[in-house]
Participant: 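I'd like to ask you about the structure that follows.
Residue numbering restarts at 1 for every chain, and letters A, B, ... go by the order of the sequence lines.
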Amino acid sequence: MICYLYPEPLYLFFASDLPALLYYSHVTSMAVALFVGIFVYLNAPKALLNKLLLLIALSFSAWVTMSLLIWAGNDGELFAFIWPFFAVSASFLSIFSIYFIYVFLNKRDVSFGTKIVFSLLLLPVLLLAHTDFSVSGFNLAYCDAFEYEGQIFKYYYNGLGFIAVAWILALLVNAYRKADRLFKKQIVLMGLGIELFLISFITIIFVVTELTTQGILEDSRLEYYALFGMTFFMTMIGFLIVKFKTFNIKLIGAEALVVALWFLVASLTLVAHSSTTRLVAFLTLIFTTIAGVFLIRGVKREVQQREQIEELAQSLKRANNRLKELDRMKSEFVSIASHQLRSPLTAIRGYASMVLEGSYGKITDKTAEAVGRIAESAKFMALSVEDYLNVSRIEAGNMKYEMNDFNFKEMTSKVVDELRPTILKKGLLIMFKSDCDGSEMVHADIGKTRQVISNLIDNAMKYTPKGSITVIVHDDIKKKKIYATIQDTGVGMSKETIEGVFEKFVRAKNANNVNTTGTGLGLFVAKKMIEDMGGRVWAESQGEGKGSAFHVELPLLPGEARQVRA
Amino acid sequence: MLLQHIKNHFFLYLIVSLTILSVASSYIRFVVQKDYLVSYEGECEPYSQSCFVYCEDEECSEPFYYSIIEREANEIFDLCGTDVTTCDEAYSCQDNVDICSITFCDPTVNIDECELLTSEDALNEESNEMSI
């Protein structure tokens with residue numbers, strides 16, 4: 001049956017006397033819906049949410065295709081056959097939209113009971129679509145079936161649309177109340193998209209068809225305004241994908257932008273009236289496609305590189321944490337082991353000392369020499385154990401400081417005096433210099449400060465084969481600091497050695513030439529202790545063979561407190 | 001297992017099967033059996049019948065007078081094929097046909113759409129043509 005007043009369609013469905021905006025609204029919105037629906041589905045075909053979005057896109061596309069066919073064609077028989085399926089596809093859109101929003105909000109399938117409700121709602125439309133309740137005839141003059149549509153059927157499937165709008169709104173509001181801040185944003189965007197789409201689609205089409213049936217409108221061409229809601233909905237979906245990785249899709253902004261641009265340019269070819277404009281739009285489309293492909297490739301490569309770097313950083317972080325854990329376990333082990341070693345060492349040193357003093361009778365010179373070596377080695381071992389213990393205490397954060405006010409110059413001078421005999425015995429000179437007036441007080445742990453100064457002088461002695469050691473104490477009233485400098489004429493250090501000399505188990509390259517017994521922990525312990533007391537330690541050297549200088553800095557007590565305490 | 005599978009997918013199976021059923025039923029009804037009504041514009045003589053009138057322009061310089069014919073699609077298809085405009089039988093109801101009606105314009109219902117010309121109108125029209 002031919003609609004005899006209408007011409008044969010050109011090409012597939014292009015008719016000469018239709019407004020360009022009709023093609024723009026139909027083709028563009030269908031292309032966008034199908035593109036997004038298929039793209040999302042292909043990214044995770046098993047995800048229910050993705051399947052439902054595809055079903056929405058397919059239902060919408062079915063409606064749009066039928067509408068285009070009727071607008072552009074003149075085959076009355078075909079149109080009479082497809083006319084009932086406007087109701088079917090619109091009903092599908094309504095029910096799938098509710099289903100989709102439920103799964104989006106709850107991240108799970110609807111209950112069996114809800115599926116029964118969905119089925120019952122769809123059942124009348126599907127069962128009655130081919131009967132007179134739906135469509136009973138066709139007007140060949142106007143090429144439509146508006147006057148033959150069953151009123152109850154029409155109100156039923158349009159009512160389904162309004163039920164969907166209300167149901168979705170209720171689901172959105174309920175979920176919004178319980179959602180966190182981030183999900184609230186997603187709910188608002190998704191809700192706006194789907195509600196505006198459904199409201200515009202259902203309302204406009206219902207009103208336009210009613211007015212056309214009653215003869216108030218000449219035809220139903222105003223329905224094209226109903227379709228722009230889908231483009232808005234799909235834009236929201238795209239934004240959710242880019243911004244929130246919804247549907248578990250990693251889409252970069254550049255991809256979305258290029259696709260949107262492509263659709264815009266492509267749709268221009270549909271509304272262009274002159275062939276020149278259409279040609280320009282077509283050429284721009286080709287250019288956009290090529291440039292878009294290059295842009296997406298470039299951006300994707302950059303994103304992949306960034307992700308690889310992020311992954312590397314994460315694995316480095318994990319490795320670092322593991323190393324820290326291992327280091328802590330090692331310190332714990334060293335601490336336990338050192339405690340176990342200290343007790344027998346004390347016994348060895350004590351008995352050796354008693355043997356040397358003759359508590360167990362007179363001994364020969366050879367025996368005395370041997371026992372002396374035992375005592376000396378035990379002493380060194382005790383010092384090493386003390387170093388290990390200090391390191392483990394520092395790393396575990398268990399080092400205890402008994403902070404008191406004391407005279408720094410006096411304390412340093414005493415340490416020098418105590419070590420002088422040993423230094424002189426080694427054939428070295430030791431000098432103590434100070435320009436301080438003797439009232440310089442510091443607030444620190446005197447025992448640990450003494451230990452640090454003693455270690456530094458002992459160090460200077462070990463690495464100075466000949467020459468002298470000078471200990472200088474001076475202050476800087478402006479900076480409110482006091483300094484102790486231990487200067488020697490020993491083996492010196494290169495620039496590289498200075499950089500690592502305060503690290504654990506690090507010794508100077510030339511250290512073994514003059515001293516083979518160092519643990520490489522003394523300077524590390526000294527630095528940590530002084531830093532914990534608010535000061536700092538650093539080293540200087542002119543180079544290998546040119547001696548070294550170690551500086552200790554501690555904050556002075558404020559002037560008034562210093563005077564009171566002095 | 002099977003029961004659970006059906007329970008999980010019954011909605012999909014139901015709508016797919018019912019959609020297929022619906023498409024098939026519609027196809028059989030509208031395309032194969034042509035079991036529906038069609039309406040189209042029939043002939044109308046404005047001097048003797050109350051006609052619907054269609055105007056191309058505001059002045060209605062070339063009015064088109066018509067009646068509305070409604071009949072079963074399969075019956076008109078058997079008589080005329082797909083194009084009713086090339087078939088004289090399309091403009092009258094045959095005696096052996098159950099459903100066929102020719103509707104003329106009812107001025108009490110379609111007050112602005114009807115036109116019944118009088119003999120005076122015919123004379124006016126003739127004099128206009130003579131003067132041209």
Side-chain angles (χ1 to χ4, degrees), chain A residues 1-5 48 51-52 55 58-59 62 74-85 87-89 91-92 95-96 99 109-112 114-132 134-145 147-148 215, chain B residues 3-4 6-42 52 54 64 66-77 79-87 90 99 101 109-110 112-113:
Chain A
M1 298 274 128
I2 300 297
C3 297
Y4 51 85
L5 293 176
L48 179 61
K51 285 180 193 170
L52 288 166
L55 284 173
L58 289 176
S59 305
N74 67 352
D75 187 344
E77 192 172 273
L78 173 71
F79 301 161
F81 160 57
I82 64 174
W83 200 272
F85 295 99
V88 173
S89 53
S91 304
F92 278 168
I95 298 300
F96 291 151
Y99 199 166
D109 199 355
V110 296
S111 66
F112 185 67
T114 313
K115 284 181 187 172
I116 296 275
V117 174
F118 287 164
S119 306
L120 289 175
L121 288 171
L122 282 174
L123 221 53
V125 180
L126 287 166
L127 291 178
L128 300 175
H130 71 286
T131 67
D132 282 350
S134 167
V135 179
S136 56
F138 197 79
N139 188 323
L140 293 176
Y142 297 136
C143 210
D144 64 42
E147 66 194 89
Y148 291 103
Chain B
L3 199 70
Q4 188 61 38
I6 292 170
K7 201 177 169 184
N8 287 342
H9 297 90
F10 104 95
F11 180 62
L12 181 73
Y13 293 152
L14 185 80
I15 58 166
V16 169
S17 53
L18 283 179
T19 306
I20 292 168
L21 189 73
S22 184
V23 171
S25 307
S26 285
Y27 184 80
I28 291 167
R29 180 190 170 192
F30 290 101
V31 180
V32 179
Q33 297 177 340
K34 296 180 176 51
D35 178 20
Y36 62 99
L37 298 172
V38 286
S39 58
Y40 52 90
E41 294 158 340
F52 292 97
Y54 174 75
F64 173 68
Y66 64 95
S67 60
I68 295 171
I69 301 174
E70 186 179 68
R71 64 204 304 171
E72 283 189 312
N74 53 11
E75 184 252 329
I76 188 71
F77 182 77
L79 282 173
C80 305
T82 57
D83 192 355
V84 293
T85 56
T86 56
C87 174
I99 302 170
S101 66
V109 181
N110 315 97
D112 295 330
E113 294 174 41

Participant: Of the backbone (N, CA, C, O) and the side chain (C-beta and beyond), which part of B/Val84 lies under 4.5 Å from a heavy atom of chain A, both, or neither?
Facilitator: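 When you check distances to chain A, only side chain atoms of B/Val84 fall under 4.5 Å.
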
Participant: Identify which part of B/Glu70 has an atom lying under 4.5 Å from any heavy atom of chain A, answering side chain, backbone, both or neither.
Facilitator: side chain

Participant: Report which part of A/Leu122 has an atom under 4.5 Å of a heavy atom belonging to chain B: side chain, backbone, both, or neither.
Facilitator: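 Side chain only.
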
Participant: Name the member of B/Ile68, B/Ile76, B/Val23 that forms the most heavy-atom pairs with chain A at distances under 4.5 Å.
Facilitator: B/Val23

Participant: So do the side chains of B/Phe30 and B/Asp35 get within less than 4.5 Å of each other, counting heavy atoms only?
Facilitator: no

Participant: Based on non-hydrogen pairs under 4.5 Å, which of A/Phe138, A/Phe92, A/Tyr142 is most in contact with chain B?
Facilitator: A/Phe138

Participant: Let me know if A/Ile82 has heavy atoms under 4.5 Å from chain B in its side chain, its backbone, both or neither.
Facilitator: neither

Participant: Does A/Ile95 reach the side chain of B/Phe11, with side-chain heavy atoms less than 4.5 Å apart?
Facilitator: yes

Participant: Side chain from CB out, backbone as N, CA, C, O: work out which of these in A/Leu128 comes under 4.5 Å of a heavy atom of chain B, or both, or neither.
Facilitator: neither

Participant: Are A/Lys51 and B/Leu12 close enough that some pair of their side-chain heavy atoms sits under 4.5 Å apart?
Facilitator: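 Answer no - side chains too far apart.
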
Participant: So which of B/Phe10, B/Phe77, B/Tyr27 has the largest heavy-atom pair count under 4.5 angstrom toward chain A?
Facilitator: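 Winner by heavy-atom pair count: B/Phe10.
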
Participant: Let's test your reading of the structure: which of A/Leu127, A/Asp109, A/Thr131 forms the most heavy-atom pairs below 4.5 Å with chain B?
Facilitator: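 The residue among A/Leu127, A/Asp109, A/Thr131 with the greatest pair count is A/Thr131.
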
Participant: Using the test side-chain contact (heavy atoms from CB on, under 4.5 Å), find all partners of A/Val110 that sit at least two apart in sequence or belong to another chain.
Facilitator: A/Tyr99, A/Tyr102, A/Thr114, A/Lys115, A/Phe118

Participant: Where does A/Leu78 contact chain B at under 4.5 Å (heavy atoms): side chain, backbone, both or neither?
Facilitator: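 Neither the backbone nor the side chain of A/Leu78 comes within 4.5 Å of chain B.
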
Participant: Just give me the residue among A/Ala129, A/Ser119, A/Ala145 that pairs up with chain B most often, heavy atom to heavy atom, under 4.5 Å.
Facilitator: A/Ser119

Participant: Shorter than 4.5 Å, heavy atoms on both sides: which option in B/Cys80, B/Ala24, B/Ser25, B/Gly81 has the most such pairs with chain A?
Facilitator: B/Ser25

Participant: Please determine, by modelled atom types, if B/Tyr40 and B/Thr85 share a side-chain donor-acceptor pair under 3.5 angstrom.
Facilitator: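 There is no such pair (donor and acceptor under 3.5 Å, judged by atom type) between the side chains of B/Tyr40 and B/Thr85.
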
Participant: Side chain from CB out, backbone as N, CA, C, O: work out which of these in A/Phe79 comes under 4.5 Å of a heavy atom of chain B, or both, or neither.
Facilitator: neither

Participant: Can you pull the salt bridge (Lys or Arg N to Asp or Glu O under 4.0 Å) pairs that have at least one residue in residues 8-31 of chain B, sequence neighbours excluded?
Facilitator: A/Asp132-B/Arg29

Participant: Do B/Ile99 and B/Arg71 have side chains that get closer than 4.5 Å, going by heavy atoms?
Facilitator: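 Not in contact.
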
Participant: For each of B/Ile28, B/Asp83, B/Val31, B/Leu21, tally heavy-atom pairs with chain A at distances under 4.5 Å, and name the one with the top tally.
Facilitator: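 Greatest number of close heavy-atom pairs with chain A: B/Val31.
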
Participant: Within the 4.5 Å heavy-atom criterion, are A/Leu126 and A/Val88 side-chain neighbours or not?
Facilitator: yes

Participant: For the residue pair B/Phe52 and B/Tyr66, does the interplanar ring angle fall in the parallel (under 30°), tilted (30 to 60°) or perpendicular (over 60°) class?
Facilitator: parallel

